[in-house]
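One structure is given here, and the rest of the page talks about it.
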Number of protein chains: 2
Amino acid sequence: MSQNDGVTRPLTRRPGRPLGGQLDVSRDVVLDAAERVIARDGANASIDAIAAEAGVTKPIVYDRVGSRADVATALAERLSERMAVAARSALGGRGFTRSSLASFIEANLRTVVDHRDLFLYVTGGSTDQTSLGRLVLAEQSVTPLAKALQNWRQRAGLDPSVADSWAYGMVGMLQMASLWVIGSPSANPRVVADQLAELLWYGLVGERRPDEQSNNYDP
Amino acid sequence: MSQNDGVTRPLTRRPGRPLGGQLDVSRDVVLDAAERVIARDGANASIDAIAAEAGVTKPIVYDRVGSRADVATALAERLSERMAVAARSALGGRGFTRSSLASFIEANLRTVVDHRDLFLYVTGGSTDQTSLGRLVLAEQSVTPLAKALQNWRQRAGLDPSVADSWAYGMVGMLQMASLWVIGSPSANPRVVADQLAELLWYGLVGERRPDEQSNNYDP
DNA sequence: CGAGGGAAGTTACCACGAGTAAGAAAGTGC
DNA sequence: GCACTTTCTTACTCGTGGTAACTTCCCTCG
């Protein structure tokens with residue numbers, strides 16, 4: 001819409017099918033373009049801008065990917081895949097230890113920092129009726145995590161029914177921490193990751209201690 | 001705009017200053033109307049609808065409260081205040097124990113469930129440039145929690161520098177768990193709260209155990 | 001007591017973005 | 001050669017946030 005300034009100017013091209021056969025613009029090409037636009041212009045990227053970056057027009061985007069929510073979901077898949085890769089590489093086949101938990105968290109935080117605006121686009125609302133879309137997209141991280149937790153708890157002889165709650169809780173914790181780290185340059189991902197690992201570790205491994213220990217906490 | 005259907009119908013009132021002195025529409029009246037609209041029509045409530053519910057027009061809303069983001073922030077203040085009240089009442093002056101932690105979490109979850117659409121409105125994007133607004137608004141819960149954590153850790157002789165990370169992390173955990181509970185009717189707030197308390201408790205109270213215990217976890 | 005100025009709202013508008021309908025050019029089959 | 005299909009573009013509708021311009025009332029001052 002921004003290049004349609006002069007009505008008097010003759011159109012560079014009349015509408016119709018392009019000359020050289022099919023426009024070879026696949027779904028992935030559109031999504032690549034979306035990522036470029038978001039990285040360049042920020043998280044409030046319009047479908048028009050994405051289409052322009054891909055060298056096509058809006059209906060192509062709708063045909064190849066879908067609505068804006070679909071674009072966000074597709075990009076969420078990409079981002080969570082990247083986070084999984086980073087996390088796996090950070091763990092490097094080590095067993096599940098406190099320090100590997102910290103590495104896992106740190107890898108997630110750093111991936112978000114590296115894809116700051118993509119993260120904001122993906123977690124950023126679209127208040128439609130699908131404000132629950134954020135959940136749908138979080139589930140891309142939640143589902144494998146819940147599965148891993150469940151397997152591990154089961155093998156360790158611990159109650160596996162906590163897997164879902166914990167997975168949602170941990171993903172939410174990571175998302176909020178990421179948002180915080182993104183927003184405040186003073187926050188150091190390594191330190192934050194270590195502190196969150198400290199918070200989670202003892203609960204994860206099923207440490208027990210006598211209940212009802214009063215510390216005189218006043219919220 | 002929805003009641004302006006008939007152009008032929010004479011206006012009920014010409015523009016201008018109202019007859020009976022000042023229109024007694026305070027900021028709180030507007031915010032009350034906003035809550036009613038959101039509760040009735042869902043989280044995707046427009047400023048027009050809010051104004052209509054308050055019996056005024058859009059510019060009044062902008063004068064009394066501000067932009068849409070300001071409305072969301074103001075409503076976030078109200079919601080977080082309500083959550084704090086519910087949590088305090090659930091704790092009832094008990095000390096900080098595992099079961100009181102579970103009560104705290106459960107109170108939060110139930111408050112969100114009771115104000116489902118308000119929660120969705122408040123946490124629901126508005127991708128402007130202030131997608132970080134979600135963080136700003138989360139800080140209404142984070143700040144007091146961080147303060148409490150810091151005081152408590154200090155008095156208990158534990159490292160207080162974890163307070164910020166933990167507060168952001170816990171608020172994120174609560175928000176995501178709330179979203180999940182809202183979306184899936186099968187999730188029981190009491191059970192989820194207990195499970196999350198289980199996850200957090202041992203880390204919060206500073207349980208120590210020999211590091212590097214391998215459980216052969218494979219993410 | 002009448003005119004001017006400010007206070008307080010309303011109408012009407014703009015900008016902009018999501019999503020879609022209608023139409024035009026290139027290719028395809030008979 | 002002509003209808004038909006495919007594939008794309010243009011141009012539109014619709015809803016919403018935000019604002020400008022204008023209208024009316026009241027209060028004060030000469």
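First the proteins, then the strands, lettered A, B, ... as listed; each starts at 1. Keep in mind that what you see is a predicted model, and the values were worked out from it rather than measured.
Across the protein-nucleic acid pair, Lys58(B) atom NZ and dG9(C) atom P stand 17 Å apart, rounded to whole Å. Taking atom CG on Asp48(B) and atom C1' on dT19(D), their separation rounds to 13 Å, with Å as the unit. Atom OH in Tyr62(A) sits about 5 Å away from atom C1' in dG19(C), given to the nearest Å. What separates CG of Asp70(B) from P of dG17(D) is a distance of 13 Å, to the nearest Å. Protein atom CD1 of Ile47(A) is 14 Å distant from nucleotide atom C1' of dC16(C), rounded to whole Å. Distance CG (Asp63(B)) to P (dA8(C)): 9 Å, rounded to an integer number of Å. If you measure from atom CZ of Arg68(A) to atom P of dG15(D), you get 19 Å, rounded to the nearest angstrom. If you measure from atom CD1 of Ile60(A) to atom C1' of dT7(D), you get 7 Å, rounded to the nearest angstrom.
Between the side chains of Ser26(A) and Asp28(A), no donor-acceptor pair is found at a separation under 3.5 Å. Ser161(A) and Asp159(A) form a side-chain donor-acceptor contact under 3.5 Å, judged by distance and modelled atom types alone.
Each end of the helix from dC1(C)-dG30(D) to dC30(C)-dG1(D) yields a helix axis from five base pairs, and these two axes differ in direction by 30° (to the nearest 10 degrees).
For Glu106(B), the side chain to side chain contact (heavy atoms under 4.5 Å, CB included) partners are Arg110(B), Arg190(B), Ala193(B), not counting sequence neighbours. Ser103(A) pairs by the side chain to side chain donor-acceptor pair (under 3.5 Å) definition with Arg94(A), not counting sequence neighbours. Under the salt bridge (Lys or Arg N to Asp or Glu O under 4.0 Å) criterion, Asp164(A) pairs with no residue at all, not counting sequence neighbours. Ser165(B) is linked by a side chain to side chain donor-acceptor pair (under 3.5 Å) to Gln195(A), counting only residues two or more places apart in sequence or in another chain. Looking at residues two or more places apart in sequence or on another chain, you find a ring pair (Phe, Tyr, Trp, His ring centres under 6.0 Å) between Trp180(A) and Tyr168(B).
For Arg64(B) and dG9(C), the shortest distance from a side-chain N or O to OP1 or OP2 is below 4.0 Å. For Thr57(B), a side-chain nitrogen or oxygen approaches OP1 or OP2 of dT10(C) to under 4.0 Å.
Within the nucleic acid shown, Ser46(A) comes within 4.0 Å of sugar-phosphate atoms alone, with no base atom in reach, counting heavy atoms only.
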